[in-house]
Each structure stands twice: as structure tokens, then as C-alpha cells.
Amino acid sequence: MKGVLITLEGIDGVGKSTQHRLLEQRLRETGLTCIVTREPGGTAIGEEVRQLLLKMREEEMALETEILLYAAARAQLYKELLRPALEAGKIVLCDRFIDSSLAYQGYGCGGDLNYIKKVNAGATEKLSPDLTLLFDLAPQEARQRRGNIDQKSEVSDRIENRPEDFHYRVREGYLKLAAANPVRIKLLDASLPAVLLLEKSWVFVKELLEKKELL
Ligand code: TMP
């Protein structure tokens, strides 16, 4: 496909949303337009699935249900937004993608990685991002940052509220994914100040856009 898919990844509380906003702004300042979206969500159906996935409730959601619901939201995003945008040559910035399912449901919850890959390949016709920016931060620090945000907004969700060791496994999972895909996944130190982190990310984004002759 002619367009470019850039995904942002990391454990909860690394400052991903800020980087998403800053990158979008940088692209705009550079004279480029981009489409921004997020997972789970990004479409009306996907946002409904997001509510189902993140709502705090008494009963446990089965891991298989969780894997399939994330993939269902992703399938809708792919059909409705990603494929048309990428076919039209657009730049898409997506907050989370399949790596999140591998890190959270796979490494974090112990789900079968090959099954998760297979289900998601089916949901997205094997779409793989052109570039993934992985924001890495120690889970203790991420928890602290999350605490600050939650105090302000009074919201925290079912996944965020999992015990500390879950977030350690997710982080380790992400690091394994980065080691296995060094060309696509770029590891960034999220303890850096936001503006400096943007400059580090921009180096990779710029390189990709130049390669694709979009810049
Ligand atoms: P967000 O807070 O970054 O919007 O993400 C919502 C939560 O969903 C976050 O805790 C990570 C989790 N998640 C998964 O567990 N698997 C997935 O495939 C995706 C996309 C998100």
C-alpha cells in the first residue's frame, strides 16, 4: 500500500498520548497531513468494543474473549479506516496495534503468541506497521505517572488496574518484540522530557517519510 502506518506502543503511563499529540503537531508543521487513531477504538463500533474491554466489572473476562474482542475492534478499524487511508497514500498515526495484543494478552496474560498473531493477521489481512515507536519506562515510574493522571481525571480502567507484576511482564514482552523486530520497532527512553523524546522519535519518522518520498 502507498501510505505509511506508524504505531505507538508502550505500557500504560509512559506518556504515549502526549507523544502522539506532539508527533501529529510536528507532521502538521512540516506541511504534512496525517490521520490519527487509536486502539481499541477509532471507529464507532470499535469504541463500543473498547467500553466492553475496559469497563471495571465483578466477573472475570476470559482471556480468549479479550483476545478476540481486541482483534474484532482491530478488524473494524482496518476495514473502515486503515486500509482505505493506506491505499490512498495517507500517513496514519495509530496509538497501539497488534504489538499491544502480543505484549498484554500474550506476554502479560500468558496467551498463545502464535494464536494471537494468527487471529490478528486474519483481522488485518496481515497488515504490519512501517514503523513502531516503543516508549519504554520502568513500570514503577509508569505507575506513578498513571497515579497522577488518574487523580486528575478520576478514571482508571480494568487493564491498568492489574497487579504490578502484570505490567512488568508486559514491559518485558515489549522488549522481546523489539529485539525480534529491530528494523520496524524503535526503542525510545520514555524517561526523557517530552520535547526531547519527540526529537528522538522524529529522527525515525523523518527517515521513513524520506524513504517513502513523502518528505
Ligand atoms: P490506552 O489506555 O493506551 O488507550 O489502551 C487501553 C488499554 O488496552 C491499555 O491498558 C492497553 C490495553 N490493550 C490490550 O491489552 N491489548 C490490545 O491489543 C490493545 C490495543 C490495548
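First listed ligand is number 1; within each ligand, the first listed atom is number 1. In this text the structure is predicted, and so the values were computed from the model without any measurement.
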Task: side-chain hydrogen bond (donor to acceptor under 3.5 Å, both in side chains) involving R28 - partner list, sequence neighbours excluded - done: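 If we apply the side-chain hydrogen bond (donor to acceptor under 3.5 Å, both in side chains) test to R28, skipping adjacent residues, there are no hits.
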
Task: Salt-bridge contact R143-E164 (side-chain N to carboxylate O under 4.0 Å) - done: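 Yes.
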
TODO: Step by step, work out the side-chain contact (heavy atoms from CB on, under 4.5 Å) result for F97 and S128.
DONE: CA-CA 9 Å; F97 197 56; S128 174; over 6 Å; no

Task: Residues in side chain to side chain contact (heavy atoms under 4.5 Å, CB included) contact with Y115, at least two apart in sequence or another chain - done: I67, L68, D112, V119

Open item on the list: For a quick check under 3.5 Å, do D12 and Y104 share a side-chain donor-acceptor pair by atom type?
Closed with: yes

TODO: Let me know which protein residues bring a heavy atom to under 4.0 Å of ligand 1; chain then number is fine for ordering.
DONE: D12, K16, E39, P40, R50, L54, Y70, R74, R96, S100, S101, Y104, Q105, I159

List the atom pairs, donor and acceptor, that lie under 3.5 Å between side-chain atoms in residues 44-55 and the rest of the protein, sequence neighbours left out.
residue: E47; atom: OE1; partner: R38; partner atom: NH2; Å: 2.8
residue: E47; atom: OE2; partner: R38; partner atom: NE; Å: 3.2
residue: E47; atom: OE2; partner: G42; partner atom: N; Å: 2.9
residue: R50; atom: NH1; partner: P40; partner atom: O; Å: 2.9

